Amino acid sequence: MKVKTLKQRTDLRNVAIIAHVDHGKTTLVDEMLKQSGTFRANEQVQDRVMDSNDLERERGITILSKNTSVHYKDVKINIVDTPGHADFGGEVERILMMVDGVLLLVDAFEGCMPQTRFVLKKALSLEKKVLVVVNKIDRPGARPEEVIDEVLDLFIELGANDDQLEFPIVYASAKEGYSSLDSSVRSGDMRPLLDSILENIEPPKGDVDGPLQILFSSLDYDDYIGRIGVGRVERGKVKKNQQVALCNSDGKNELVKVSRLYQFEGLKRVEVEEAAAGDLICVSGIEDINIGETACDPEHIEILPFVKIDEPTISMNFIVNDSPFAGREGKFVTSRNLRDRLFKEVETNVSMRVEETETTDTFKVSGRGELHLSILIETMRRQGYEFQVSRPKVIMKEKDGVMLEPIELIIIEVPEQYVGAVIEKLGSRKGELENMGARDGGTTHLEFKIPSRGLIGYRSEFMTDTNGNGIMNQLFSGYEPYKGDIETRERGSIVVHETGTTTGYGLFNTQDRGRLFVGPGVEVYEGMIVGECAKNEDVTCNVCKKKQMTNTRAAGSDDALRLVPPSVMSLEQSMEFIGDDELLEVTPESLRLRKKVLSKEQRMKQMFRKK
C-alpha cells in the first residue's frame, strides 16, 4: 500500500499568542497589524484594536479569543489572540487545536507567572512549536537574561522534550513597536519577529487532494447570518455551497450545506469561494453547529478527536428576581428568558455548565472561577436581564470514598511590611506556604497552595491588608483531599428594617454600627443589606428614619450631620461579600444585596428552628 505524503503549504503560517494576563499580547498584535500594512495610511485605529468587546476595553483584559491575519513576504500569517486570565483557559485550550505553533509572551520584568505555566503546559502537551518573545524590554527593572533562565526552568519542569527545549528567542517592546534577536537593541520594527515566525513555525501540513475534514474549535454569531463555525481545514478542500456531513463523538451525523465561506483578512471576515487544508475558516449556514464537531466528506466520515476541556470548579445559582423591586429596571425578567439566555451561553462558552434544578426559577451555573461567572453576569445585565445570584460554591469530587476539593496555586508580590498580614490571613484559610523569596525594590514573592473556597471573599481583604500595593495571581492546581472547615466571613450584615427611602438622619444613626454601602435618597426594601456590621452578627436598622419636626429647640440638636461616604461595591466585591443566607440582586441599573428571607420575624423563626 502506497503511503501518501502530506504536502506543506509554504504560503501560510498559523500561530496563537499565549501569555499571562497583561503581558502585552493584544498590543503586540496591534503593532504586527500596523507594520504589515493592514490599515490604510489615513485610517484612525484605536489602541488594543483586538479587544472589540466593551467589557474587554473597560477592564483592559482579553476575554474571548479572536482571529486576525497579516501578510508578510508573500506569506499569510493567521494570528489568534487568546485571553491571559486562568478563568478563560477554556478559550486557550481549544484554540491551540487550530494552530501549528505558539508565541509565548513573557514580561521582561515579571517573568514567568501562573498563567504562563498553564498555557505553556497545554501547548507542550499538544506538541506545538514554541517561539519565546520577551516583551517590555524597555521597562525599568527589566531583566531579560534572568527571565529566559526562568522560562527554561519552566520548560524542564513541564517535561519538554529536547526539541522543545531548543526554543528560539525574540526580544521586543510591543508598545514602542520594535523587536530584535539582541536584548540590548532599543529601536527598529517588527520584522525580526515576523522573520522568526516564518523561520521557526512550521507551515501547515495536509493532504489537499484527500477527502474533506474540518474541525470546528470556536463559534461566533452574527445578527444577519446567524451562527458561524470557526475552524481549520485539516484535509482536502471546501467550497461554497458544498454539502458536508457534520459529525461528533456522540454519534450525531447529518448532512448540511456550507452556504457561505469566510477567511480572516486583517480584522475583517472576507467571503471566499474555497479553502484548502491548513486554512482557518468561518462557515455559516449550519444552524446547530457545535464546538468540537467535524465536517467531513459524506463519502468518508472520519471524526477528529477534540481537546478535553478542564472541568468547572465553582458554581452559583441564577434565580428569577422575586424582590419587591422586581421588574422595574430589567427588560428580560421571566424564568424562560433566563433559561434561554443561559443555555445559549453554553453553546459558545465550552468551559461553562448549566443545570436545571428541581424548581423552575433556579439554574445552577458552573464555571472556571469567580471572574468567569462575573463576566457572564455583567454581560447579561448589560443586555437587559434582571435576576438574582447566590454565593459562589466550590465543586467537590469524591474518589475512592475520599472527598476531594479544588486547590489553587496563588502567587503574590507584596511589599515587605505586609508579608506578615498576608501569611496570617492565608494561614487561617488553610493556605500552605510553598515558596518565598525577596525581589528587587523591597518586594517579597510568595507562593501558596490554598483551597478554592478559601479564596472566596479574600481579594478585597488582600487589597485592604496591603493598602492596594499587593499583586495576586491564581491558577487552578488540581484536586486534593478536603482540608477542613474554613471560617471565611467574620462580620455580619446591616439589614433594612422597612421599605422606604434612606435619609441622612437614619444613616447617621446607623453608621456607628459598621461600614455603609448606600448614601441618602436611595430606595430600599425590608431585608435589603445596606452595610457590613462591625460585629459577627446581623443587625436590623431603620435607615429610613426621619427627624421629628417640632418647634422645640435644644443646644446641639441642629448640628450638621456628618456622614461617612458609603463604600460602593463592584460586582465581584458583592459576589464575594454575600453569605449563604443572602443573595445578590442584579439589574441593568443596580446591584442590591439582600437576605434570602426578607422578613425579620421569619429569619428569627428559622434561626430558632436550627438551634
Side-chain angles (χ1 to χ4, degrees), residues 314-326 338 357 359 361-367 370 373-374 376-378 380-381 386-394 429 452-461 485-499 502 510 513-518 522-543 566-587 590-611:
I314 279 187
S315 68
M316 295 174 83
N317 285 337
F318 281 54
I319 308 161
V320 173
N321 190 10
D322 62 355
S323 84
F325 293 171
L338 188 59
T357 61
T359 56
D361 62 351
T362 304
F363 303 91
K364 184 182 175 186
V365 181
S366 307
E370 280 180 279
L373 292 169
S374 76
L376 170 64
I377 294 169
E378 183 63 43
M380 285 175 65
R381 72 182 285 224
E386 185 176 302
F387 52 97
Q388 301 175 132
V389 293
S390 66
R391 177 181 171 85
K393 287 189 175 174
V394 299
R429 289 166 174 261
S452 296
R453 61 199 165 94
L455 284 177
I456 294 174
Y458 175 66
R459 193 173 286 273
S460 53
E461 282 187 38
D485 294 338
I486 298 174
E487 188 68 49
T488 48
R489 190 166 144 195
E490 297 170 354
R491 296 194 172 109
S493 302
I494 299 174
V495 186
V496 176
H497 175 259
E498 62 183 6
T499 302
T502 57
T510 306
R513 298 292 191 94
R515 178 169 64 114
L516 291 174
F517 301 151
V518 297
V522 177
E523 283 192 88
V524 294
Y525 52 80
E526 182 189 1
M528 186 170 150
I529 297 165
V530 291
E532 180 184 45
C533 182
K535 295 179 181 176
N536 189 10
E537 60 183 12
D538 293 340
V539 294
T540 305
C541 296
N542 188 355
V543 289
S567 302
V568 180
M569 304 250 276
S570 68
L571 173 61
E572 277 90 359
Q573 287 170 329
S574 302
M575 284 168 60
E576 290 177 348
F577 177 81
I578 53 176
D580 292 330
D581 64 335
E582 296 166 355
L583 296 171
L584 169 62
E585 180 186 349
V586 180
T587 76
S590 314
L591 294 171
R592 300 186 189 98
L593 302 165
R594 54 161 285 187
K595 288 288 181 183
K596 279 184 183 174
V597 179
L598 297 177
S599 162
K600 183 183 178 183
E601 286 74 26
Q602 295 284 66
R603 290 200 302 275
M604 298 292 282
K605 284 177 184 174
Q606 275 194 359
M607 279 176 62
F608 282 121
R609 281 195 207 111
K610 283 180 183 175
K611 286 178 181 177

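What you see is a predicted model; the values in this text were computed from it and never measured. Starting from 1, each residue takes its place in the sequence as its number.
When all heavy atoms of T540 and H497 are compared, the pair lying nearest together is CG2-CA, 3.7 Å. Contact record, L373 with G367: CD2-N, 4.0 Å, taken as the closest heavy-atom pair. Taking each heavy atom of M569 and S574 in turn, the nearest pair found is CB-OG, 3.6 Å.
No donor-acceptor pair closer than 3.5 Å links the side chain of E576 to the backbone N or O of Q573. A distance-only check finds a donor-acceptor pair linking the side chain of T499 to the backbone of E526 [under 3.5 Å]. With hydrogens and angles disregarded, a donor-acceptor distance shorter than 3.5 Å links the side chain of T357 to the backbone of T359. Remark: the backbone N or O of E585 is not paired with any side-chain donor or acceptor of R592 at under 3.5 angstrom. A donor-acceptor contact shorter than 3.5 Å links the side chain of K596 to the backbone of D580.
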(Q) Checking R594 against Y525 for the side chain to side chain contact (heavy atoms under 4.5 Å, CB included) test, could you report, in this order, the C-alpha distance in whole Å, the side-chain angles of both residues, the deciding distance, and whether it holds? (A) CA-CA 9 Å; R594 54 161 285 187; Y525 52 80; 3.6 Å; yes
Q: Check the pair V530 / V524 against side chain to side chain contact (heavy atoms under 4.5 Å, CB included), numbers first and verdict last.
A: CA-CA 8 Å; V530 291; V524 294; 4.0 Å; yes
Q: Give the C-alpha distance, both sets of side-chain angles, the deciding distance and a yes or no for side chain to side chain contact (heavy atoms under 4.5 Å, CB included) between K600 and V495.
A: CA-CA 9 Å; K600 183 183 178 183; V495 186; over 6 Å; no
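A donor-acceptor contact closer than 3.5 angstrom is absent between the side chains of E386 and T587. With hydrogens and angles left out, the side-chain atoms of S493 and E582 include a donor and acceptor closer than 3.5 Å.
Between E532 and L516 the shortest side-chain heavy-atom distance does not fall below 4.5 Å. V496 has its side chain out of reach of C541: every pair of non-hydrogen atoms, C-beta onward, lies at least 4.5 Å apart. The side-chain heavy atoms of M316 and I377, taken from C-beta on, include a pair separated by under 4.5 Å. Looking at heavy atoms from C-beta onward, L598 lies out of side-chain contact with M528 at the 4.5 angstrom threshold. Considering only heavy atoms from C-beta on, V518 stays 4.5 Å or farther from P566 through its side chain. Between V568 and F517 the shortest side-chain heavy-atom distance does not fall below 4.5 Å. Under the 4.5 Å side-chain criterion, counting only non-hydrogen atoms from C-beta, I578 is not in contact with L583. At a threshold of 4.5 Å between non-hydrogen side-chain atoms, the residues Q388 and S323 count as touching.
Classification of D538 and R491 as a salt-bridged pair fails, no side-chain N sitting under 4.0 Å from a carboxylate O.
Put simply, OG on S599 and CD on E601 are 4.5 Å apart, with the number rounded to the nearest 0.5 Å. Note: D361 CG to D322 CG = 7.5 Å, rounded to the nearest 0.5 Å. Note that the CZ atom of R391 and the CD1 atom of I314 stand 10.0 Å from one another [nearest 0.5 Å].
Ring to ring, F318 and F387 are close: their centroids are under 6.0 angstrom apart.
Residues that satisfy the salt bridge (Lys or Arg N to Asp or Glu O under 4.0 Å) test with R513, not counting sequence neighbours, are absent from this structure. Take N317 and apply the side-chain contact (heavy atoms from CB on, under 4.5 Å) test, not counting sequence neighbours, and it matches I319, T362, K364, S390.
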